[in-house]
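Notes follow the structure.
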Amino acid sequence: MESGDATPCRLGNFVVDDTVARMRLYNPSILIKQPKIPLAFAWPADDRRAAVGNLDVPVIDLSGFRHRDEAAERRAAEHVRAACREHGFFQVINHGVDAEIYVAAINAINGLFDLPFDKKVEAGQRKGRMEGYAVGHSDRFSEKLPWKETFTFVHGFKEDEAGAVERYFQSALGPDFQQTGRIYQSYCEEMKELSLVIAELLGMSLAGDRRWYREFFEDGKAVARCNYYPPCKEAELTLGTGPHADPNAFTILQQDEVSGLDVFTGGRWSSVRPVSGALIINVGDTFEALSNGEYKSCLHRAVVNPDKERRSIAYFVSPRHDKVVRPPPELLAGGDGDGNGDRRKYPDFTWLQLLEFTQTRHRADGETLRFFVNYLSSAPVAN
Ligand SMILES: C=C1C[C@]23C[C@H]1CC[C@H]2[C@]1(C)CCC[C@@](C)(C(=O)O)[C@H]1[C@@H]3C(=O)O
Ligand SMILES: O=C(O)CCC(=O)C(=O)O
Ligand SMILES: [Fe+2]
């Protein structure tokens with residue numbers, strides 16, 4: 001919302017309707033007290049089907065991999081390969097992320113979402129931007145709203161973008177958030193280092209080459225997001241995050257000790273039990289394309305519950321906006337030899353094209369990649 005907006009934020013009201021920015025924002029502290037959820041937060045029964053048991057998500061110890069212990073690297077790569085061919089989810093421990101920063105980042109979430117509503121509205125996501133506060137994404141969608149509050153910020157991997165996260169927190173939330181901004185700045189820097197290790201691990205597991213994928217992401221970008229899922233009186237009717245595959249390359253997710261993440265595999269939903277100190281990695285659509293379809297970008301969701309709040313932090317890793325997404329030549333060998341051949345499962349695209357597609361044409365779901373490919377083949381080619 002632009003500063004100087006004349007529209008007052010009527011705090012006592014259920015919904016703030018800001019006609020200047022054309023935003024409808026639900027006030028979460030009022031919303032969660034209502035005995036019934038608004039219809040806009042209801043999801044179809046099929047999307048809400050209950051999870052059956054826990055998913056066996058391999059827990060990979062990265063200490064050997066980070067210290068170049070060859071036997072440990074091979075073992076890690078084999079587990080990753082099996083998981084990514086089946087459902088695209090694995091977890092890492094001994095990942096090298098500073099333990100204090102890991103804890104501080106999840107604990108700082110409450111300080112963000114405990115802010116008074118008018119302060120959150122001021123930091124609201126602006127039209128056409130990823131950054132900022134949102135509740136149920138009601139400024140962007142009118143139905144199947146997710147039962148969550150989010151605060152999103154972006155992190156570029158290049159040196160010249162150093163300090164940008166800390167600056168963003170201060171500009172959006174003011175000087176009281178300097179320390180919080182520092183925490184998330186450090187968190188993003190740790191996540192960037194880990195992203196490059198994960199890119200190496202994925203590369204080894206897929207093509208036996210650790211360098212190609214690491215180099216591909218060295219000038220990459222990430223969208224980072226703090227998720228706060230309030231308790232919900234009609235938890236069985238809604239979802240915290242609807243069924244979707246992440247459109248980016250891969251995601252590093254920290255969840256707190258409350259279960260809620262479910263993965264759809266083998267024809268049913270299964271939960272991913274929280275493991276203390278671990279980070280969950282999942283393959284997204286962009287990596288599915290980069291692996292020429294070898295690795296799966298799997299459908300997942302977050303459920304909510306009637307008594308407990310849940311918090312998570314997602315670090316959505318992607319290539320530089322204008323980098324062409326095309327698998328390495330060794331994955332395409334056997335085609336007609338032009339590296340563009342008949343074995344290609346997906347056409348060339350850039351992350352910016354896919355990102356814009358999810359922000360303007362198609363809310364990310366389980367079919368994003370299919371719809372995007374159709375869209376690319378029907379869109380007029382620019383001269
Ligand atoms: C590029 C992105 C779009 C979303 C944020 C990042 C990566 C994941 C996407 C999302 C989380 C998938 C589910 C639907 C969504 C709208 C959400 O519930 O938050 C998606 C994000 C978004 O468009 O903001
Ligand atoms: O909060 C979670 O556990 C998962 C959220 C998620 O999948 C996402 O934001 O893409
Ligand atoms: Fe996701």
Side-chain angles (χ1 to χ4, degrees), residues 41 43 47 51 55 57 87-89 91 106 109 124-155 221-230 238-264 269 271-275 278-287 297-305 308-319 321 350-369 372:
F41 285 89
W43 283 75
D47 294 337
L55 183 66
V57 183
H87 49 57
F89 274 76
Q91 325 193 37
I106 201 90
I109 289 186
Q125 239 165 358
R126 292 167 199 209
K127 213 169 167 40
R129 307 284 309 179
M130 293 300 283
E131 303 96 320
Y133 170 80
V135 49
H137 293 320
S138 60
D139 52 320
R140 296 162 56 197
F141 312 118
S142 56
E143 56 167 16
K144 296 200 281 178
L145 301 184
W147 191 264
K148 66 178 170 185
E149 295 181 71
T150 54
F151 190 76
T152 307
F153 38 103
V154 293
H155 184 229
K221 272 192 135 26
V223 170
R225 177 177 280 182
C226 296
N227 292 310
Y228 178 75
Y229 300 100
T238 189
L239 289 170
T241 299
H244 67 283
D246 291 348
N248 53 295
F250 57 89
T251 303
I252 306 177
L253 183 85
Q254 182 184 167
Q255 56 173 344
D256 71 6
E257 63 295 338
V258 179
S259 297
L261 174 64
D262 292 345
V263 177
F264 191 79
W269 289 103
S271 318
V272 179
R273 215 172 25 85
V275 171
L279 289 161
I280 297 164
I281 316 293
N282 69 281
V283 168
D285 292 337
T286 299
F287 203 89
S297 166
C298 192
L299 198 64
H300 57 285
R301 69 180 183 190
V303 297
V304 290
N305 77 73
K308 288 186 192 152
E309 61 179 21
R310 178 169 178 268
R311 302 160 302 170
S312 68
I313 310 171
Y315 188 79
F316 301 107
V317 180
S318 66
H321 275 177
T350 65
W351 166 240
L352 185 61
Q353 284 176 301
L354 179 52
L355 176 64
E356 281 179 357
F357 184 71
T358 68
Q359 301 307 295
T360 59
R361 292 176 184 271
H362 181 93
R363 181 191 332 190
D365 60 10
E367 300 285 348
T368 312
L369 194 52
F372 177 60

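Just so you know, ligand 1 is whichever comes first in the structure, and atom 1 is the first atom listed for that ligand. Every heavy atom of this structure was used, including side-chain atoms; hydrogens, water molecules and symmetry mates were not.
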Using a 3.5 Å cut-off on N or O atoms only, is [X] in polar contact with ligand 1?
X: R140; value: yes
X: T358; value: no
X: R225; value: yes
X: H137; value: yes
X: D246; value: no

Checklist line | Part of R310 with heavy atoms under 4.0 Å of ligand 2, whether side chain, backbone, both or neither | finding: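 Under 4.0 Å from ligand 2, R310 contributes side-chain atoms alone.
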
Notebook entry, point to check: Looking only at heavy atoms, is any part of H244 under 4.0 Å from ligand 2, and if so is it the side chain, the backbone, or both, or is it neither?
Noted result: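 The side chain, only.
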
Next item on the list: Tell me, please: is H300 in heavy-atom contact with ligand 2, that is, under 4.0 Å?
Entry: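 For ligand 2, residue contact (heavy atoms, under 4.0 Å) with H300 is present.
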
Item checked: R225 heavy atom under 4.0 Å from ligand 2 ->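 No.
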
Next item on the list: Specify which N/O/S atom of D246 comes nearest to the Fe ion (ligand 3), by atom name.
Entry: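 Looking at D246, the N, O or S atom with the least distance to the Fe ion (ligand 3) is OD1.
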
Item checked: For S312, atoms of ligand 2 separated by under 4.0 Å from a heavy atom ->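 Checking each atom against S312, I get 1 (O), 2 (C).
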
Margin query: Quick check on contacts: which atoms of ligand 2 are under 4.0 angstrom from a heavy atom of L261?
Written below: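 So the atoms of ligand 2 that pass are 3 (O), 4 (C).
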
Next item on the list: To 10°, measure the NE2(H244)-the Fe ion (ligand 3)-NE2(H300) angle for me.
Entry: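 Value returned, to the nearest 10°, is 90°.
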
Next item on the list: Record the part of A314 in heavy-atom contact with ligand 1 below 4.0 Å; permitted values are side chain, backbone, both and neither.
Entry: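 The answer is neither; A314 stays 4.0 Å or more away.
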
Notebook entry, point to check: Which is it for L355 and ligand 1 at heavy atoms under 4.0 Å: side chain, backbone, both or neither?
Noted result: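 The answer is the side chain.
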
Notebook entry, point to check: Taking distance alone, with no angle check, do D246 and ligand 2 share an N/O pair under 3.5 Å?
Noted result: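 Yes, D246 has an N/O under 3.5 Å of an N/O on ligand 2.
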
Notebook entry, point to check: Would one find an N or O of T241, backbone or side chain, under 3.5 Å from an N or O of ligand 2?
Noted result: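 In this structure, T241 places no N or O atom under 3.5 Å from an N or O of ligand 2.
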
Notebook entry, point to check: For atom 9 (O) of ligand 2, which protein heavy atom lies nearest, and how many Å away is it?
Noted result: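 The closest heavy atom on the protein side is F316 CZ, 3.5 Å.
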
Check: What residue and atom, counting heavy atoms only, is the protein's closest point to atom 5 (C) of ligand 2, and at what distance?
Finding: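 Nearest neighbour among protein heavy atoms for atom 5 (C) of ligand 2, to 0.1 Å: Y229 OH, 3.5 Å.
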
